Number of protein chains: 2
Amino acid sequence: MATGRTHRPATRSRGIPEATVARLPLYLRALTALSERSVPTVSSEELAAAAGVNSAKLRKDFSYLGSYGTRGVGYDVEYLVYQISRELGLTQDWPVVIVGIGNLGAALANYGGFASRGFRVAALIDADPAMAGKPVAGIPVQHADDLEKIIQDNGVSIGVIATPAGAAQAVCDRLVAAGVTSILNFAPTVLSVPEGVDVRKVDLSIELQILAFHEQRKAGEEAAASDGGVPTAAARSDSTDQGPDGDMPAVMPA
Amino acid sequence: MATGRTHRPATRSRGIPEATVARLPLYLRALTALSERSVPTVSSEELAAAAGVNSAKLRKDFSYLGSYGTRGVGYDVEYLVYQISRELGLTQDWPVVIVGIGNLGAALANYGGFASRGFRVAALIDADPAMAGKPVAGIPVQHADDLEKIIQDNGVSIGVIATPAGAAQAVCDRLVAAGVTSILNFAPTVLSVPEGVDVRKVDLSIELQILAFHEQRKAGEEAAASDGGVPTAAARSDSTDQGPDGDMPAVMPA
DNA sequence: CCATCTTTGTGCACGCGTTCACAAAGACAT
DNA sequence: ATGTCTTTGTGAACGCGTGCACAAAGATGG
């Protein structure tokens with residue numbers, strides 16, 4: 001997962017709960033797909049299914065933004081796309097720098113999902129002099145020495161760190177000193193930042209470990225079930241859960 | 001961060017709260033670093049700082065695993081590494097397949113964080129015949145036609161999807177049919193899976209959008225503050241929060 | 001053996017997030 | 001207009017997660 005922020009009281013920003021903010025991009029994606037198929041309106045039930053959430057939750061989420069639906073009809077797709085985009089700040093252009101152009105950095109530079117959402121890769125930065133000038137995803141890589149200048153010239157406030165863990169904190173410090181106030185961190189380290197700077201983290205290995213935990217649990221239960229054996233202290237398992245996955249089929253309407 | 005599962009009563013697996021499970025890898029990483037520096041014991045306060053969490057939370061998390069600490073001393077690093085590894089199921093070897101060897105898939109194949117945590121890339125799979133046989137990260141790419149055979153021959157239960165969005169559901173269906181029960185999805189789509197299959201999702205674009213939201217809010221507040229202006233309906237802001245961000249793992253367990 | 005000091009483990013209270021369930025609101029037909 | 005039907009918006013209840021604060025446990029020294 002991406003583990004989100006670390007400590008801090010989970011203050012709700014601007015009256016909109018964090019949990020809701022985290023789902024808005026999900027709704028936006030589903031709505032964009034509907035928009036491309038020229039669907040004019042959508043009910044909370046349909047949209048919720050497309051986004052993979054509960055419809056009551058979706059309605060409550062939208063209620064924080066205002067009353068944008070029409071009872072008996074549903075939500076106007078285009079209007080909602082606009083409202084959510086505006087709420088997320090995607091109506092403006094966000095220049096982003098990616099630091100650390102290894103395999104992952106290159107993948108991020110090539111990722112199409114950015115441009116379509118108001119993000120623009122302003123620069124690619126790497127510490128390796130051999131990389132300098134080499135184009136990745138059509139953008140020439142620049143040397144880390146120029147980091148501060150690049151940030152300031154482009155008015156960058158969002159930085160992506162894709163360096164090895166050892167370099168991450170130093171890069172982070174320089175980014176922050178140069179004026180970056182939001183950081184997306186792919187390096188497996190806890191970054192310490194001054195107040196007012198947001199950090200979100202994505203750690204691939206952590207996601208896999210969480211999956212492994214559940215996988216092990218499933219395997220254990222299955223074994224216990226077929227064995228009929230009593231759970232031992234070494235491989236205890238309980239039966240207090242009704243099923244591993246109480247999910248709804250996230251059905252996409254045809 | 002990864003956006004994880006969607007709804008679901010957040011059943012706690014085996015008595016260990018999901019939120020705790022999500023933090024165990026974090027502790028494990030910090031402990032591993034301590035272990036490499038041959039630190040024998042660590043207090044909850046120190047470890048919490050290293051992992052970026054509250055010490056009370058850490059102690060409570062560990063209490064779900066059992067009483068592994070010594071009062072007045074702290075926790076034995078090696079012992080704790082072992083206990084958490086075992087709890088997460090990392091003492092066994094997890095063969096993993098990566099489907100979709102584009103930029104991202106290649107980056108994942110090269111990612112070092114897997115092998116060190118008990119994960120082994122058993123195969124790389126791509127639908128492009130031109131990729132077949134080409135080695136990526138030292139592993140020859142295999143064609144998607146052989147997906148089922150590869151899964152079964154290697155006893156794979158964890159799959160990583162790094163294909164374009166359009167192909168993701170079809171790949172997912174085939175993985176599940178072949179026996180995969182845990183999926184890490186990088187494609188920007190909601191996957192629908194049968195009960196008993198866990199899906200975790202990582203969406204880079206979503207993470208950036210959440211950052212943009214907070215960034216916009218910070219910019220708005222700053223403007224309002226220097227203006228001294230009254231928040232308008234279009235750009236309202238409040239002052240009831242002391243800090244920009246709460247956590248909220250956008251990832252919920254499956 | 002007793003006193004003191006450190007650090008764990010946890011009972012408890014509080015707040016956020018989720019879900020249910022329903023009244024209010026509007027569309028649409030007659 | 002009036003009634004019916006659909007779907008929103010939300011009040012209220014519940015449950016999980018968090019953090020405080022402290023008692024219990026053990027180390028350590030005299």
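Side chains are part of it too, since the values below use all heavy atoms of this structure and drop only hydrogens, waters and symmetry mates. Since the structure is predicted, the reported quantities are computational estimates derived from the model, not experimental observations. To find a chain, count down the sequence lines: A is the first, B the second, and so on, and within it residues start at 1.
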Euclidean distance, atom OH of residue Tyr64(A) to atom C1' of dT10(D) [Å, nearest integer]: 10 Å
Any Ser44(A) side-chain nitrogen or oxygen under 4.0 Å from OP1 or OP2 of dT8(D): yes
Separation of dT7(D) P from Asp76(A) CG (nearest whole Å): 16 Å
Identified side chain to side chain contact (heavy atoms under 4.5 Å, CB included) partner of Val176(A) from the options Thr181(A), Leu191(A), Val197(A): Val197(A)
Nearest-angstrom distance from the residue atom CD of Glu45(B) to C1' of dG19(D): 13 Å
Among dG9(C), dG9(D), dC20(D), the nucleotide that comes nearest once only the side chain of Asn54(B) is considered: dC20(D)
Check: Lys60(A) side chain, dG9(D) base, donor-acceptor under 3.5 Å: no
Main-chain N/O of Ile16(A) paired to Thr20(A) side chain as donor or acceptor, under 3.5 Å: no
Position toward the 5' end of DNA chain D (nearest nucleotide), Ala56(A) or Val73(A): Val73(A)
Rounded distance in Å - NZ (Lys57(B)) to P (dA21(D)): 17 Å
Under 3.5 Å donor-acceptor pair, Arg71(B) side-chain atoms to dT8(C) base atoms: yes
Between dG17(D) (P) and Leu58(B) (CG): distance, integer Å: 16 Å
Candidates dG17(D), dT10(C), dA21(C) - which lies nearest the side chain of Arg59(B): dT10(C)
Distance test, side-chain N/O of Arg23(B) to OP1/OP2 of dT18(D), below 4.0 Å: yes
Residue among Tyr68(B), Tyr27(B), Tyr79(B) satisfying ring pair (Phe, Tyr, Trp, His ring centres under 6.0 Å) with Phe62(B): Tyr27(B)
Pairwise 5' ranking along DNA chain C for Thr70(A) and Val42(B), keeping only the more 5' one: Val42(B)
Upstream residue (5' side of DNA chain C) when Gly72(A) and Phe62(B) are each assigned their closest nucleotide: Phe62(B)
Interatomic distance, Tyr68(B) OH vs dG26(D) P [rounded to whole Å]: 16 Å
Spacing between Asp61(A) atom CG and dT8(D) atom C1', to the nearest angstrom: 14 Å
Considering all heavy atoms, the nearest Glu87(B)-Phe213(A) contact: O-CD1, 3.2 Å
Arg86(B) and Thr91(B): side chain donor to acceptor below 3.5 Å: no
Leu80(A) CG - dT7(D) C1' separation (whole Å): 15 Å
